[in-house]
Colleague: 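Input: one structure, supplied below.
Small disclaimer: the values here were computed from a predicted structure and weren't measured.
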Amino acid sequence: MSAITFGNAMSLTNAERQALYRQRHLRTEDSTGELLHAVINLHAKRALERLAKCYGLTQRALLERLLIDAERQTIDSAGRLPNGQADYYDGRLRLEISRPDDDGGKSSASR
């Protein structure tokens with residue numbers, strides 16, 4: 001399918017167009033792109049749109065930054081627990097998310 005160009009895109013099937021789209025968009029600077037399909041709450045989607053626009057980022061870039069920042073904070077919190085970071089990376093650590101107005105945004109650990 002790599003021989004297909006956009007010049008003859010009109011003759012492509014939907015599946016072929018989708019495959020080309022995925023192929024183009026999975027290429028990243030470090031070749032580590034992965035596809036994510038998710039249906040999210042309308043309020044969360046609108047918040048993502050507003051935040052991305054506010055910070056001058058694409059929704060993808062904002063989401064990536066938020067996830068990486070959240071993981072960094074989680075790893076920092078896990079580091080305060082015995083074997084916390086190892087448990088986190090091994091998928092054994094379970095933290096509860098609390099709303100900021102509940103306890104100042106702190107998470108409590110449970111195993």
Colleague: How far does CZ of R92 sit from CG of N83, to the nearest 0.5 angstrom?
Modeller: 7.5 Å

Colleague: Check whether N41 reaches the backbone of H43 with its side chain - one donor and one acceptor, N or O, closer than 3.5 Å.
Modeller: yes

Colleague: So do L93 and L81 actually touch side chain to side chain, heavy atoms under 4.5 Å?
Modeller: yes

Colleague: Set out, in order, the CA-CA distance, both residues' side-chain angles and the distance that settles side-chain contact (heavy atoms from CB on, under 4.5 Å) for E71 and Y88, then state yes or no.
Modeller: CA-CA 10 Å; E71 182 178 50; Y88 171 73; 2.6 Å; yes

Colleague: List the steps and the verdict of side-chain contact (heavy atoms from CB on, under 4.5 Å) for L63 and T58.
Modeller: CA-CA 9 Å; L63 189 57; T58 64; over 6 Å; no

Colleague: Are the side chain of E16 and the backbone N or O of T13 linked by a donor-acceptor pair below 3.5 Å?
Modeller: yes

Colleague: Report the distance from atom CD of E64 to atom CG of L57, rounding to the nearest 0.5 Å.
Modeller: 10.0 Å

Colleague: Measuring from R50:CZ to Q59:CD, what's the distance to the nearest 0.5 Å?
Modeller: 11.0 Å

Colleague: If you look at every heavy atom in R17 and L12, which pair is closest and at what distance?
Modeller: NH1-O, 2.6 Å

Colleague: CD of Q85 to OG1 of T74: how many Å apart, nearest 0.5 Å?
Modeller: 11.0 Å

Colleague: Could you tell me whether a side-chain N or O of R94 sits under 3.5 Å from a main-chain N or O of G91, the two making a donor and an acceptor?
Modeller: yes

Colleague: Mind checking the CD-CG spacing from Q18 to L20? Nearest 0.5 Å is all I need.
Modeller: 10.5 Å

Colleague: Roughly how far apart are L66 CG and L48 CG, rounded to 0.5 Å?
Modeller: 8.0 Å

Colleague: May I ask you to say whether E49 pairs ionically with K45, meaning some side-chain N is under 4.0 Å from a carboxylate O?
Modeller: yes

